[in-house]
Amino acid sequence: MVQQVKIGILGQEYTIHTKADRAYVEKVAQYVASKCQEAQSRLHSSSLATVALLAALNITSDYLQMKEAYEQLVDRIESKQEKLSSLMP
């Protein structure tokens with residue numbers, strides 16, 4: 001069921017139409033808001049577009065770093081699994 005969830009980011013209110021759980025949407029919005037506030041505190045510009053772009057770049061960087069770490073972990077697990085399998089009769 002699609003629901004409306006109101007969120008606030010940088011003093012702006014947005015209504016999200018989603019099938020996702022309300023608590024999840026709020027958690028995502030809180031993360032985005034914190035990244036926007038972090039970006040805004042580093043910039044001398046108050047342009048919402050500039051702040052949003054920097055926040056998006058930071059979020060993407062975080063995601064790609066976590067994805068790489070996850071892929072390395074999966075590779076290590078698969079390697080260990082293969083070694084264990086080769087030891088079994």
Side-chain angles (χ1 to χ4, degrees):
M1 176 174 106
V2 175
Q3 62 178 327
Q4 293 182 0
V5 180
K6 291 187 179 185
I7 60 168
I9 299 174
L10 294 178
Q12 301 289 318
E13 188 172 285
Y14 302 93
T15 301
I16 307 296
H17 297 265
T18 182
K19 292 181 181 179
D21 180 67
R22 176 179 298 276
Y24 176 77
V25 173
E26 290 171 349
K27 184 177 181 179
V28 170
Q30 184 179 21
Y31 182 76
V32 171
S34 73
K35 287 296 191 177
C36 286
Q37 289 170 346
E38 182 182 304
Q40 190 175 44
S41 71
R42 293 181 182 171
L43 294 172
H44 298 295
S45 169
S46 60
S47 163
L48 185 58
T50 303
V51 169
L53 178 61
L54 183 57
L57 289 171
N58 289 334
I59 290 167
T60 302
S61 176
D62 291 347
Y63 166 76
L64 292 175
Q65 288 174 13
M66 282 191 247
K67 182 179 177 194
E68 178 66 26
Y70 170 79
E71 289 169 354
Q72 289 175 1
L73 181 60
V74 168
D75 289 345
R76 287 178 49 205
I77 290 170
E78 288 174 349
S79 175
K80 291 185 184 294
Q81 184 180 23
E82 288 173 12
K83 287 179 184 177
L84 285 172
S85 292
S86 70
L87 296 174
M88 296 181 73

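Any value given below was found using the heavy atoms of this structure, including those in side chains, with hydrogens, waters and symmetry copies removed.
- The two residues Ala55 and Ala39 come nearest to each other via the heavy atoms N-CB, 4.0 Å.
- Residues Gln3 and Thr18 have side chains in contact (heavy-atom distance under 4.5 Å, counting atoms from C-beta outward).
- Nearest heavy atom pair, residue Leu10 against residue Gln40, reads CD2-OE1, 3.4 Å.
- Between the CD atom in Gln30 and the CD1 atom in Ile7 there is a gap of 11.5 Å [rounded to 0.5 Å].
- To the nearest 0.5 Å, the span separating NZ on Lys35 from CG on Leu57 amounts to 11.5 Å.
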Got a list of side-chain donor-acceptor pairs under 3.5 Å for residues 71-89, not counting sequence neighbours?
{"from": "Gln72", "atom 1": "NE2", "to": "Glu68", "atom 2": "OE2", "distance (Å)": "3.0"}
{"from": "Ser85", "atom 1": "OG", "to": "Gln81", "atom 2": "O", "distance (Å)": "3.0"}
{"from": "Ser86", "atom 1": "OG", "to": "Lys83", "atom 2": "O", "distance (Å)": "2.7"}

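- Legend: residues meeting side-chain hydrogen bond (donor to acceptor under 3.5 Å, both in side chains) with Thr50, ordered by chain and number and at least two apart, are Ser47.
- Enclosure of atom OH in Tyr14 by more than 12 non-hydrogen atoms of other residues, nucleotides or ligands within 6.0 angstrom is indicated.
- Closest of all the heavy-atom pairs between Gln4 and His17 is NE2-CE1, 3.0 Å.
- Interatomic distance, CG of Asn58 versus CG of Leu53, reported as 9.5 Å (0.5 Å rounding).
- Every residue two or more places apart in sequence or in another chain that forms a side-chain hydrogen bond (donor to acceptor under 3.5 Å, both in side chains) with Tyr31 is listed here: Asp62.
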